[in-house]
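Counting convention: from 1, in listed order, for ligands and their atoms alike. Note that these values count all heavy atoms, side chains included, but never hydrogens, waters or copies made by symmetry.
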Amino acid sequence: MSRPPLIDQFTRAGQAQVFAFFDRLAPEAQRQLLAEAAEIDLAEVDRLNRTLVLGRTAAGVNLAGLAPAPYEPLPARGGPVVEWDRAKAAGEVALRAGKVAAFTVAGGQGTRLGYDGPKGTFPVTPVKHKPLFQVFAEKIQAAGRRYGRPLHWFIMTSHQNHAATEGFFAENKFFGLDRARVHFFRQGRMPAVDFEGRIMLESPEVIALSPDGHGGSLRALDRSGALDLMKREGIDTLSYFQVDNPLVRCIDPAFIGWHVLRGSEMTSKMVPKAHAGEKVGHFCTQGGQVVVIEYSDLPARMQAETDATGKLRYLAGSIAIHVLDREFVRRMSSGTDGVALPFHRADKKIATIDATGNPVKPAKPNGVKFEMFVFDALPFARNTVVIETARADDFSPVKNAEGADSPQTCRDDQLRQFARWLKAGGVAVQTDPTGLPGKVIEVSPLFGYDEDSFAEAWGRLPVKPAVAEGLYLE
Ligand code: UTP
């Protein structure tokens, strides 16, 4: 093989080490390495090295002019009932017109959970142990039936989990969904660099590449052709949620309606923070735009600030649930006019090789990964809206193997939700003071996937079953 020009480009960019073992590799491995190298935008890496890696000392997030973002409170907390009703009606109109699609970001590595396989395949429900993907599939199917228009569902995967994710859906017959409406696409990857900005190798023939963050979903939607498909299908609104949160209302008409009525390009849900130090991002405003400031970037003193009534000033916590306008996503991914998501730096332990090609398993961070965050799109969006949601109805993620945000806490939150729905239907359910029922029960999303649909289905049941251990409503 004559010397590929890509090697010279890497050499000129000071990244010759990527090909240090090239001559010793078998032709197939050489091809693989070249294909991975071709994915890398050297100018982008150089810019990130200069801005984020070399000579950088502190995080340095700009806090000038920061204020808490306004949000639309729930009717139960004094929000305008008429406007919430109008929003719900507008969302239902959009759903009946087939203008909305669901979008799940499932490209993360799920390292904290430590589960072997795509996170969406992790079993979460209390009785049937349904995997996360099945819960969403059934909610999406049920919403499609309710509004008379089956929904399209976009699922972003990573290189690592793409084949396993597709295989899982195929094995499970797409959980009853029309497979022509389920669309998988891979997100982009970024190389890890060492603290001198040199692109790292995982092995002599493999570059240390990792997913480019959930913010990578915007350009991946564009590059994969998903935005064009949406346009052809008359879909202009994407309901965005994360793969780890089975409580999420994947399709929430009021949320969609606020977005539509305000002509918003990006609409987000907030929950009031549980306490000052809760580790969530904060919805803020800065220079007239909505921004999310991460908990690690907002000084503890500001997180603890209260207003005259004793309420936290920076109350609005981000739970990674958004509605996105299709053409806004296209604009964000085009990178024109300086409109682009910034990258963030994360120092990580990166499995690599030494100068002789022997594996190195570092005990402390030895390099930098670059990631984009989807909430960084907010300041670029027109007419942004933040609405309140009740945590109990929308948010209980599975992040960790144990403790907070674990399979156990998520299961309990699902049980509490099922018990609440039953109680609202007039059933006497025994619960502890936190609302946790004494019996393990489950409601299939195909029976009821939110308070309204549950109430309707329950009302239609000619014979109401008793609340017993293992009760499963479907
Ligand atoms: P997390 O921030 O929880 O990261 O992702 P993670 O990679 O899943 O888990 P850890 O940190 O390694 O334990 C939040 C959501 O964003 C998606 C995840 O799949 C999850 O739905 N995500 C994250 C992506 O789709 N791509 C990424 O590059 C990162």
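- Looking only at heavy atoms of the protein, atom 21 (O) of ligand 1 is closest to V105 O, 2.7 Å.
- Of all atoms in ligand 1, listed by their number and element, those nearer than 4.0 Å to a heavy atom of K399 are 1 (P), 3 (O), 14 (C).
- The N/O atoms of G107, backbone and side chain alike, include one that comes under 3.5 Å of an N/O atom in ligand 1.
- Counting only heavy atoms of the protein, atom 12 (O) of ligand 1 lies nearest to T111 OG1, 2.3 Å.
- Q187 OE1, 2.6 Å is the protein heavy atom nearest to atom 26 (N) of ligand 1.
- Close contacts between ligand 1 and P211 involve ligand atoms 28 (O) [criterion: under 4.0 Å to a heavy atom].
- The protein heavy-atom contact nearest to atom 22 (N) of ligand 1 is G108 N, 3.4 Å.
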(request) Apply the test salt bridge (charged side-chain N to carboxylate O under 4.0 Å, His left out) to residues R219 and D222: give CA-CA distance (whole Å), side-chain angles for both, the deciding distance (0.1 Å), then the verdict. (result) CA-CA 5 Å; R219 54 195 202 186; D222 194 10; over 6 Å; no
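- Nearest-heavy-atom check against atom 16 (O) of ligand 1 across E371, H214, M372, R189 picks out H214.
- Of all heavy-atom pairs spanning R179 and A170, the tightest one is NH2-O, 4.5 Å.
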(message) Using the rule given for ring pair (Phe, Tyr, Trp, His ring centres under 6.0 Å), can you reason through F19 versus F10, listing the C-alpha separation, both sets of side-chain angles and the distance that settles it, and then say yes or no?
(response) CA-CA 8 Å; F19 294 100; F10 272 67; 5.4 Å; yes
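- For an aromatic pair to be called close, the ring centres must be under 6.0 Å apart, and F133 with F169 satisfies this.
- Taking only nitrogen or oxygen atoms, main chain and side chain alike, R112 reaches within less than 3.5 Å of ligand 1.
- F21 places a side-chain heavy atom less than 4.5 Å from the side chain of L201.
- Among all non-hydrogen protein atoms, the one lying nearest atom 7 (O) of ligand 1 is Q109 N, 2.8 Å.
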(request) Assess whether salt bridge (charged side-chain N to carboxylate O under 4.0 Å, His left out) is satisfied between E278 and R391, documenting all intermediate values. (result) CA-CA 13 Å; E278 192 187 359; R391 190 185 293 255; 2.9 Å; yes
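- For L113, no nitrogen or oxygen atom sits less than 3.5 Å from a nitrogen or oxygen atom of ligand 1, counting backbone and side chain alike.
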(request) Could you walk me through whether D244 and R112 pass side chain to side chain contact (heavy atoms under 4.5 Å, CB included), step by step? (result) CA-CA 12 Å; D244 53 20; R112 283 170 288 172; over 6 Å; no
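- Ligand 1 has at least one atom lying under 4.0 Å from a heavy atom of G213.
- The shortest distance between side-chain heavy atoms of L238 and R326 does not fall below 4.5 Å.
- What sits closest to atom 6 (P) of ligand 1 on the protein, heavy atoms only, is G110 N, 3.6 Å.
- Checked against the 6.0 Å centroid criterion, the rings of H214 and F373 qualify as a close aromatic pair.
- Listed by number with element, the atoms of ligand 1 under 4.0 angstrom from any heavy atom of M156 are 25 (O).
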